[in-house]
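Here's the structure, in structure tokens; my notes come after.
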Amino acid sequence: MQLKINGEMVTVPDSVQHISDLVEHFKLEKRVLMIEHNESILEKDHHPQTELKDGDKIEIVQFVGGG
């Protein structure tokens with residue numbers, strides 16, 4: 001499946017069916033994230049049931065600490 005992630009076309013395996021699968025695929029489970037799916041911000045609780053389709057637009061923002 002092809003997804004547009006942070007402005008770039010990315011091919012992900014067929015096993016990536018939901019937003020939670022995408023987070024796991026990129027090994028981001030332990031990070032503080034904000035994910036936008038087709039221009040809608042998702043609550044973390046909605047990641048497991050939000051299905052991905054070919055051509056979906058995803059924005060992933062990671063928050064990092066520091067000063």
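Both backbone and side-chain heavy atoms feed into the values below; hydrogens, waters and symmetry mates do not.
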Can you give me every donor-acceptor pair (side chain of residues 2-15, partner residue at least two apart or in another chain, under 3.5 Å) with its distance?
residue	atom	partner	partner atom	Å
Gln2	NE2	Thr11	OG1	2.4
Asn6	OD1	Ile60	N	2.7
Asn6	ND2	Ile60	O	3.2

Intermediate values then yes/no, side-chain contact (heavy atoms from CB on, under 4.5 Å), Leu42 and Thr50
CA-CA 9 Å; Leu42 292 176; Thr50 303; 4.0 Å; yes

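- A distance of 10.5 Å separates NE2 in His37 from NE2 in His18, rounded to the nearest 0.5 Å.
- The shortest side-chain heavy-atom distance between Ile35 and His47 falls under the 4.5 Å cut-off.
- Interatomic distance, CD1 of Ile19 versus CD of Glu24, reported as 13.5 Å (0.5 Å rounding).
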Please step through side-chain contact (heavy atoms from CB on, under 4.5 Å) for the pair Leu52 and Ile58, ending with a clear verdict.
CA-CA 10 Å; Leu52 294 168; Ile58 307 294; 3.8 Å; yes

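- The environment of CD in Glu43 is sparse: at most 12 heavy-atom neighbours from other residues, nucleotides or ligands sit within 6.0 Å.
- Separating the OG atom in Ser20 from the CG atom in Leu28 is a distance of 12.5 Å, to the nearest 0.5 Å.
- A search for salt bridge (charged side-chain N to carboxylate O under 4.0 Å, His left out) contacts involving Glu39 returns Lys57, not counting sequence neighbours.
- How far CZ of Arg31 is from CD of Glu29: 10.0 Å, rounded to the nearest 0.5 Å.
- Interatomic distance, Gln62 CD to Phe26 CZ, rounded to the nearest 0.5 Å: 11.0 Å.
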